[in-house]
Undergrad: 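One structure, pasted below without further comment.
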Amino acid sequence: MRRALRMRAERRQLMTAEAEVLGELRRLRARLPQLTGALAASADGLVLAHDTVDGEAESVAALTAAALGVGQRLTDSTGQGRFRELLVRGESGYVATYAAGGSAVLTLLAEPRINVGRLHLEARRSSARIGELVDGALERREPNRLGQLPPPYPGKPPHPGRPPHPAGPPVREVRHPGTT
């Protein structure tokens, strides 16, 4: 029950970013005319926004979530770090999926004649922007009926003794010989 309520609250928060995400998808399609569709979805397969010709957005989002899971497991198990992107080439074109922040993905459909380097360049920029929009929407927390804010990390308490947002690697002082 709590999970369903949390998911409903997250969906409501994501809806605030929907118009901006859709705008980013449309700008991306304007920059890359060989795109036949663009879709932003949550990591669990929920459509956030789409600019596609056909009405298959929900099934593409679900398949994207499945591919994302496989891609994440593959990069983790091979020691390649976090998932970043996936490119599939079919006879009639490409399907490209890019991580967009911590909780979303960008999936693009492209004609076979697209310049794949340009596709990557533009999609990486757009996925970063979409990630900022979606993650920013999820960070805006709403108070519950009692006026209390939910924890900043739904379902994941921060590690005890460690700040929630690490400031980066520790800074070490470097002393050069002959200096004090």
Undergrad: Pairs under 3.5 angstrom only: tabulate donor-acceptor contacts from the side chains of residues 112-121 to other protein residues two or more places apart or in another chain.
TA:
from	atom 1	to	atom 2	distance (Å)
Arg113	NE	Glu111	OE1	2.8
Arg113	NH2	Glu111	OE1	3.0
Asn115	OD1	Gly117	N	3.0
Asn115	OD1	Arg118	N	3.0
Arg118	NE	Glu122	OE2	3.4
Arg118	NH2	Arg31	O	3.2
His120	ND1	Tyr98	OH	2.8

Undergrad: Shortest non-hydrogen contact from Leu35 to Ala110?
TA: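 Scanning both residues completely, I find the closest heavy atoms to be CD2-CB, 3.9 Å.
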Undergrad: Do Leu32 and Leu87 share a hydrophobic cluster (ILVMFWY, side-chain heavy atoms under 4.5 Å, transitive)?
TA: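 Yes.
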Undergrad: Rounded to the nearest 0.5 Å, how far apart are CZ of Arg124 and CZ of Arg84?
TA: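 Rounded to the nearest 0.5 Å, the CZ-CZ separation comes out at 9.0 Å.
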Undergrad: Counting N and O atoms only, with roles assigned by atom type, does the side chain of Gln72 sit under 3.5 Å from a partner on the main chain of Val70, one being a donor and the other an acceptor?
TA: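 It does not hold such a pair.
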Undergrad: Could you check if a side-chain atom of Glu56 sits within less than 4.5 angstrom of a side-chain atom of Ser59, using non-hydrogen atoms only?
TA: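 Contact flag for Glu56/Ser59 side chains = yes.
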Undergrad: Using every non-hydrogen atom in the two residues, find where Leu25 and Ala49 come nearest and quote the distance to one decimal.
TA: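 Minimum heavy-atom separation between Leu25 and Ala49: CD1-O, 3.5 Å.
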Undergrad: Can Leu74 be reached from Val88 by stepping across I, L, V, M, F, W or Y side chains whose heavy atoms are under 4.5 Å apart?
TA: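 Different clusters: Val88 never reaches Leu74 through Ile, Leu, Val, Met, Phe, Trp or Tyr contacts under 4.5 Å.
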Undergrad: Please tell me whether Thr107 and Thr64 have a donor and an acceptor in their side chains that are separated by less than 3.5 angstrom.
TA: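 Thr64 and Thr107 do have a side-chain donor-acceptor pair below 3.5 Å.
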Undergrad: Do you know the tightest heavy-atom contact between Leu22 and His50?
TA: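 Taking every non-hydrogen atom into account, CD1-O, 3.4 Å.
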Undergrad: Measure from the side-chain N and O atoms of Thr75 to the backbone N and O of Gly81, and report whether any donor-acceptor pair falls under 3.5 Å.
TA: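 A pair under 3.5 Å: yes.
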Undergrad: Under the side chain to side chain contact (heavy atoms under 4.5 Å, CB included) test against Leu106, which residue among Leu39, Leu48, Leu28 passes?
TA: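 Considering Leu39, Leu48, Leu28, a side chain to side chain contact (heavy atoms under 4.5 Å, CB included) with Leu106 is found only for Leu28.
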Undergrad: Taking side chain as C-beta onward, heavy atoms only, is Val95 less than 4.5 Å from Leu86?
TA: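 Of all side-chain heavy-atom pairs linking Leu86 with Val95, none is under 4.5 Å.
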Undergrad: Of all heavy-atom pairs between Ala61 and Gly45, which one has the smallest distance, and what is that distance?
TA: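 Closest approach of Ala61 to Gly45: CB-O, 3.4 Å.
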Undergrad: What heavy-atom pair brings Ser103 and Val134 nearest, and what distance separates the two atoms?
TA: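 Looks like OG-CG1, 3.6 Å.
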Undergrad: Can a donor-acceptor pair be found, under 3.5 Å and without considering hydrogens, that links the side chain of Arg29 to the backbone of Asp51?
TA: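 A pair under 3.5 Å: yes.
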Undergrad: Looking at Gly101 and Asp135, what are the two nearest heavy atoms and their distance?
TA: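 In this case the closest contact between Gly101 and Asp135 is CA-OD2, 3.3 Å.
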Undergrad: Output the distance between atom CG (Leu133) and atom CD (Glu24), rounded to the nearest 0.5 Å.
TA: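 Separation between the atoms: 7.5 Å.
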